[in-house]
Amino acid sequence: MHVDTGIMSGSDIVAAIALGARFTLVGRAYLYGLMAGGREGVDRAIQILGSQVVRTMKLLGATSLEELNPSHVTQLERLVPRPR
Ligand SMILES: Cc1cc2nc3c(=O)[nH]c(=O)nc-3n(C[C@H](O)[C@H](O)[C@H](O)COP(=O)(O)O)c2cc1C
């Protein structure tokens with residue numbers, strides 16, 4: 001499984017992998033880097049996403065992608081509409 005659309009930060013990538021994705025695709029996030037700084041801007045956008053992945057995993061206490069599981073994702077649960 002892969003996740004496409006809405007990946008705007010490294011934490012989005014970590015959440016997708018924790019929920020079972022093997023990888024994610026990124027569209028607009030790298031285009032913002034392209035518009036801001038050309039080729040170097042794309043490199044910087046990828047670097048920022050990578051550092052956000054590392055920081056998110058440190059905050060979760062996870063040392064490998066294999067350790068990630070759905071229990072690491074809490075924000076999505078809060079976004080699920082509450083039953084009335
Ligand atoms: C400028 C631009 C052009 C795109 N062109 C196509 C396309 O021709 N065919 C397609 O299936 N998806 C196209 N997409 C969608 C991307 O492949 C991808 O699904 C999407 O950008 C990912 O979502 P994100 O932008 O939220 O990361 C395009 C996206 C952008 C930003």
Side-chain angles (χ1 to χ4, degrees):
M1 178 175 78
H2 64 263
V3 172
D4 185 24
T5 304
I7 301 294
M8 299 303 284
S9 75
S11 59
D12 293 331
I13 297 170
V14 172
I17 291 173
L19 292 172
R22 297 249 322 139
F23 63 91
T24 71
L25 293 99
V26 174
R28 286 166 296 164
Y30 92 82
L31 283 174
Y32 296 150
L34 181 66
M35 289 185 281
R39 167 63 195 263
E40 288 176 10
V42 174
D43 290 344
R44 181 76 182 115
I46 294 168
Q47 189 182 48
I48 290 169
L49 287 170
S51 66
Q52 290 171 337
V53 166
V54 170
R55 185 168 65 228
T56 301
M57 290 184 63
K58 282 181 180 172
L59 288 168
L60 291 171
T63 56
S64 71
L65 295 178
E66 289 71 30
E67 281 178 46
L68 296 173
N69 63 69
S71 74
H72 289 111
V73 183
T74 57
Q75 187 173 5
L76 290 179
E77 289 171 15
R78 289 203 301 274
L79 293 175
V80 172
R82 297 202 174 114
R84 294 175 189 231

Legend entry - V73 to A15 - nearest heavy-atom pair and separation: CG2-O, 3.8 Å

Legend entry - Spacing of NE2 belonging to H72 relative to CG belonging to L19, to within rounding of 0.5 Å: 11.0 Å

Legend entry - Closest contact, heavy atoms only, H2 versus A21: CA-CB, 4.4 Å

Inset, instruction - Taking the side chain as every heavy atom from C-beta outward, state whether L68 and L60 have any pair of such atoms under 4.5 Å apart. - result: yes

Acceptor/donor pairs from residues 39-49 side chains to any protein atom, 3.5 angstrom cut, sequence neighbours excluded:
unit_1 : atom_1 : unit_2 : atom_2 : d
R39    : NE     : D43    : OD1    : 3.3
R44    : NH1    : Q47    : OE1    : 2.6

Legend entry - Nearest-0.5 Å distance that lies between atom CG in L59 and atom CE in M57: 11.0 Å

Legend entry - Members besides F23 in its Ile/Leu/Val/Met/Phe/Trp/Tyr cluster (side-chain heavy atoms under 4.5 Å): L25

Legend entry - Nearest heavy atoms of D12 and G6, plus distance in Å: OD2-O, 3.4 Å

Legend entry - Interatomic spacing from CD1 in I17 to CD in E67 - rounded to 0.5 Å: 13.0 Å

